[in-house]
Amino acid sequence: STAYGCRGWVLHHNTDLWRPTSAFDISSCGLWPTGGAWMCQHLWDKYLFNADKDYLAEVYPVMKGASEFFVDFLVEDPNTGYLVVSPSCSPENSPTGINGSNFAGITMDNQLVTDLFWNTAEAAAILGVDTAFADTLNTMRKRLPPMQIGQYGQLQEWFDDWDDPEDHHRHVSHLWGLYPGYQISAYRTPALLAAVKNSLIQRTDASTGWSMGWKVCLWARMLDGNHALKMIGDQLTLVDPLAEKDFHNGGTYPNLFDAHPPFQIDGNFGCAAGIAEMLLQSHDGAVHVLPALPDAWKDGCIKGLRARGGFVLEKISWKDGHVDEIVVRSTAGGNLRLRSYDELEGDGLACDEARQPILMHKRTLKMEEHVDANGKKHYGEIAGHEWFGAKGEYLYFDLQRPRGETFFVAKVNLETLEEEAFEFTCDEWSVHYVTSWDETFIVGDGGSPKSVAHSDKDQWIYRYDFPGTHKS
């Protein structure tokens with residue numbers, strides 16, 4: 001209230017042992033005001049992992065306070081009508097040939113405030129509180145600037161198309177929406193994912209150690225395990241602390257500390273997080289087992305990784321690059337949806353009760369391209385799609401029915417637009433139809449079609465309902 005005349009609380013780029021939250025340090029980073037939004041992402045993520053409503057009730061006031069600040073702080077851009085964070089910066093970077101670092105509508109800010117508003121509104125709904133405030137957040141969220149793809153095929157770092165493909169800056173702040181955020185997806189937003197890849201290629205792999213750790217996570221989210229492993233190898237390059245003083249090359253000291261004089265723990269934690277992302281992901285509608293397994297890791301086993309929804313993967317083992325065994329423990333009960341590149345078998349992958357088709361995840365958004373009056377491409381959110389097909393690896397379905405009940409899947413003949421219907425019976429698998437490459441079909445019940453969908457590649461999706469805490 002003193003610095004900005006706003007409610008709530010705000011955290012900037014820097015803090016220290018005395019925990020100040022005001023803006024300080026140089027303007028190219030010190031004025032960045034969305035540190036609190038990022039901190040709240042961790043609070044929300046912890047709830048997604050533990051499914052503990054008591055914990056959510058404890059941290060909700062913190063999330064609400066951070067949201068209140070941006071409700072008051074956002075201003076309307078006079079040229080576009082978007083609500084923007086201003087002033088702000090893309091920390092420690094500035095556009096080539098532009099004098100200054102502080103602007104409005106920075107991509108990273110848009111991503112962070114989008115997630116903060118969404119998560120806080122979701123938390124309010126789960127707790128049954130603050131309905132009017134949640135409506136305000138949802139309304140304002142829709143007025144935030146969308147992510148944009150620039151002239152070089154990159155994800156724009158700034159609202160204007162100022163990126164330079166020769167800018168090899170260590171920071172990749174505008175890629176926050178892929179990791180640790182969820183807005184960019186290998187399954188839902190292929191155009192934005194391609195833009196992220198272009199941005200990473202233009203920035204190059206060379207960077208400081210902590211940046212390499214972040215890039216491991218980004219390449220894992222892009223399901224490119226081989227490139228993620230390459231970044232880990234770069235980070236593990238031995239650095240002599242007595243001879244090497246250039247902290248822009250990354251590497252690791254003999255004691256395994258990240259080589260960023262004197263040392264930064266971010267590189268160590270980042271690589272560890274990236275390895276976990278290579279072996280298990282749960283942010284995008286399913287618990288994805290071995291999503292980015294590199295070719296070099298042909299055989300292996302990992303124990304104790306946690307997944308959103310309150311699940312513990314007690315064991316994931318693989319042989320010759322394929323799933324061998326999965327042991328899952330539920331700490332909260334409820335539905336488990338597994339995604340795998342391999343066909344799975346097991347007791348528990350059966351439908352036990354009637355279910356209607358539902359969204360894979362409340363965070364599932366379909367991004368659609370539109371062109372503004374100046375011919376600029378934008379990608380914005382479309383809500384309310386119960387079924388979706390995205391160019392990429394997968395198509396998702398929930399097709400649970402009572403055991404023994406028959407339902408049908410109809411493949412569409414694209415030449416004649418006629419349905420070629422065939423039936424399946426619920427007896428063992430929770431999902432009975434496996435899509436084929438480049439296949440369009442409809443799903444329905446008793447001859448009543450529900451929706452048209454399209455698949456670009458083969459995939460397997462499994463669902464299991466946990467009645468309580470136990471192993472399966």
Side-chain angles (χ1 to χ4, degrees), residues 1-47 54-92 94 100-145 158-159 173 176-177 180-181:
S1 61
T2 300
Y4 292 107
C6 300
R7 296 171 297 163
W9 66 278
V10 61
L11 175 65
H12 294 80
H13 178 269
N14 284 4
T15 190
D16 57 26
L17 180 63
W18 292 271
R19 296 179 291 180
T21 60
S22 59
F24 63 93
D25 208 342
I26 57 178
S27 65
S28 63
C29 60
L31 282 176
W32 181 71
T34 41
W38 190 331
M39 297 294 286
C40 287
Q41 181 83 2
H42 294 288
L43 300 180
W44 174 250
D45 233 8
K46 183 173 180 179
Y47 167 72
D54 291 337
Y55 160 80
L56 184 62
E58 179 183 346
V59 301
Y60 172 74
V62 181
M63 298 171 63
K64 180 181 178 181
S67 296
E68 285 177 327
F69 172 79
F70 287 104
V71 167
D72 294 349
F73 186 69
L74 290 170
V75 295
E76 181 176 300
D77 177 69
N79 298 316
T80 64
Y82 290 126
L83 296 177
V84 294
V85 176
S86 178
S88 187
C89 55
S90 189
E92 299 184 19
S94 58
S101 302
N102 300 118
F103 307 100
I106 303 293
T107 296
M108 186 188 202
D109 292 339
N110 303 332
Q111 295 169 344
L112 280 160
V113 177
T114 293
D115 267 16
L116 175 65
F117 281 4
W118 186 297
N119 298 342
T120 305
E122 285 287 294
I126 292 168
L127 298 172
V129 298
D130 294 332
T131 302
F133 182 64
D135 288 343
T136 297
L137 298 182
N138 288 327
T139 299
M140 295 184 71
R141 175 175 54 82
K142 296 174 183 178
R143 295 186 60 193
L144 295 170
W158 295 274
F159 184 79
S173 301
W176 190 94

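Just so you know, residue 1 is the first one in the sequence shown, and it goes up from there. This one's a predicted model, so the numbers in the text were calculated from it and none came from an experiment.
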Do the ring planes of Phe70 and Phe73 sit parallel (below 30°), tilted (30 to 60°) or perpendicular (above 60°)?
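Plane angle over 60°, so perpendicular.
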Could you grab the distance from atom [atom1] of [X] to atom [atom2] of [Y], nearest 0.5 Å is fine?
X      : Y      : atom1 : atom2 : result
Phe133 : Asn138 : CZ    : CG    : 10.5 Å
Leu31  : Ser22  : CG    : OG    : 10.5 Å
Ser90  : Phe159 : OG    : CZ    : 15.0 Å
Asp109 : Leu74  : CG    : CG    : 9.5 Å
Asp135 : Asp130 : CG    : CG    : 10.5 Å
Lys64  : Leu127 : NZ    : CG    : 11.5 Å

So which heavy atom on [X] is nearest to which on [Y], and how close?
X      : Y      : value
Thr114 : Arg141 : O-CD, 3.6 Å
Ala37  : Leu116 : CB-CD2, 4.0 Å
Tyr55  : His42  : OH-O, 4.4 Å
Trp9   : Ala66  : NE1-N, 3.2 Å
Val85  : Val113 : CG2-CG2, 4.0 Å
Leu56  : Ala123 : CD1-CB, 3.9 Å

State, with a plain yes or no, whether a side-chain heavy atom of [X] is found less than 4.5 Å away from one of [Y].
X      : Y      : value
Trp118 : Leu137 : no
Val59  : Tyr47  : no
Asp115 : Trp44  : no
Val10  : Thr21  : no
Trp158 : Ile106 : yes

For Gln41 and Trp176: C-alpha separation, side-chain torsions, deciding distance, then whether side chain to side chain contact (heavy atoms under 4.5 Å, CB included) applies. CA-CA 11 Å; Gln41 181 83 2; Trp176 190 94; 3.6 Å; yes
Quiz item: For Asn110 and Tyr82, what are the C-alpha separation, side-chain angles and deciding distance, and is it a side chain to side chain donor-acceptor pair (under 3.5 Å)?
Solution: CA-CA 10 Å; Asn110 303 332; Tyr82 290 126; over 6 Å; no
For this session: Test side chain to side chain contact (heavy atoms under 4.5 Å, CB included) on Met108 and Thr34 and set out the steps.
Result: CA-CA 9 Å; Met108 186 188 202; Thr34 41; 5.5 Å; no
task: For the pair Asn14 (side chain) and Phe24 (backbone), establish whether a donor and an acceptor sit closer than 3.5 Å, ignoring hydrogens and angles.
output: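 Between the backbone of Phe24 and the side chain of Asn14 there is no qualifying donor-acceptor contact (under 3.5 Å).
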I'd like to know if the side chain of Glu68 reaches the main chain of Arg7, judged simply by a donor and an acceptor atom lying under 3.5 Å from each other, with no hydrogens or angles considered.
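Pair absent, no side-chain N/O of Glu68 close to backbone of Arg7.
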Next on the checklist: The test is side chain to side chain contact (heavy atoms under 4.5 Å, CB included); show your working for Trp32 and Leu112 and say whether it passes.
Outcome noted: CA-CA 12 Å; Trp32 181 71; Leu112 280 160; 3.7 Å; yes
